[in-house]
Amino acid sequence: MSEYFIEEGYKDPAAVMTGCVLEEHLRQLCELNKIEVTFEKDYKFITKKANLLNSELAKKNVYGKLDSKNIIAWLDQRNSAAHGKFDNYNKEQVHTMLNGVTEFIARVKI
């Protein structure tokens, strides 16, 4: 779907969708590797942010430092798209993000 959006000129929804898929993959990797995806605060369970999940996965050596840095950049691009900062990235960067996330998911399987 993200590729379709990019081809049709909709880079912003493509960035958000790709980032959402990445975040879900991080959550599944955490569950597989016995890393909590929530924490308790004031008697409520709060979902951890994707950047924290990334950090904890890298600390546990589920993947390396380069993957972790790429994920930080991809999540930043997704956040820019989700918060209306559309000038922070261009169509080519979203396409690169999509390719990188697709490759990462294929390589670091759940």
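Throughout, numbering of the chain's residues begins at 1 and tracks the sequence.
- Looking at Arg78 and Thr18, their side chains never come closer than 4.5 Å, going by heavy atoms from C-beta outward.
- Atom NZ of Lys44 sits about 7.5 Å away from atom CG of Asp42, to the nearest 0.5 Å.
- Taking every heavy atom of both residues into account, Ala81 and Tyr89 meet most closely at CB-OH, 3.1 Å.
- Between Ala14 and Ile6, the shortest heavy-atom distance links the atoms CB-CG1, 3.5 Å.
- Heavy atoms of other residues, nucleotides or ligands lying less than 6.0 angstrom from CD of Glu3 number 12 at most.
- Not less than 6.0 angstrom separates the ring centroid of Tyr10 from the ring centroid of Tyr4.
- By the rule that hydrophobic residues join a cluster once side-chain heavy atoms approach within less than 4.5 Å of another member, Val94 and Phe86 end up as members of one cluster.
- Surrounding NZ of Lys60 are more than 12 heavy atoms belonging to other residues, nucleotides or ligands, all under 6.0 Å away.
- With contacts defined as side-chain heavy-atom distances shorter than 4.5 Å, the pair Arg107/Asp67 qualifies.
- The backbone N or O of Glu31 lies less than 3.5 Å from no partner atom in the side chain of Lys34, so there is not a single donor-acceptor pair.
- With rounding to the nearest 0.5 Å, the separation of CD1 in Ile72 from NZ in Lys69 is 8.0 Å.
- Checking side-chain atoms of Asn90 against main-chain N and O of Glu92 turns up a donor-acceptor pair under 3.5 Å.
- Under 4.0 Å is where a charged nitrogen must lie from a carboxylate oxygen, and between Glu23 and Arg27 at least one such pair does.
- You'll find the side chain of Glu24 stays beyond 4.5 Å of the side chain of Val21, heavy atoms only.
- By the rule that hydrophobic residues join a cluster once side-chain heavy atoms approach within less than 4.5 Å of another member, Ile105 and Met17 end up as members of separate clusters.
- For the pair Gln77/Asn88, no side-chain contact is recorded, criterion being any heavy-atom separation below 4.5 Å from C-beta on.
- Each of Leu53, Val62, Leu52, Asn54 was compared with Cys30 under the side chain to side chain contact (heavy atoms under 4.5 Å, CB included) criterion, and only Leu53 meets it.
- Without hydrogens or angle criteria, His25 side chain to Val108 main chain gives a donor-acceptor distance under 3.5 Å.
- In this structure, Met97 and Ala15 approach most closely via the heavy-atom pair CE-O, 3.5 Å.
- Across all non-hydrogen atoms, the minimal contact from Leu26 to Ala50 is CD1-O, 3.9 Å.
- Between atom CG of residue Leu98 and atom CZ of residue Phe5 there is a gap of 12.0 Å, rounded to the nearest 0.5 Å.
- Put simply, the side chain of Lys11 never gets that close to the backbone of Gln93: no donor and acceptor are under 3.5 Å apart.
- Note on Glu56 versus Lys48: salt bridge recorded, some NZ/NE/NH1/NH2 to OD/OE distance being below 4.0 Å.
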Begin from the C-alpha positions of Leu75 and Leu22 and carry the test side-chain contact (heavy atoms from CB on, under 4.5 Å) through to its verdict.
CA-CA 8 Å; Leu75 292 173; Leu22 173 61; 4.0 Å; yes

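- Residues Ile71 and Ile110 share a hydrophobic cluster, clusters being chains of Ile/Leu/Val/Met/Phe/Trp/Tyr side chains in contact below 4.5 Å.
- Under 3.5 Å, the side chains of Tyr63 and Asn70 contain no donor-acceptor pair of N or O atoms.
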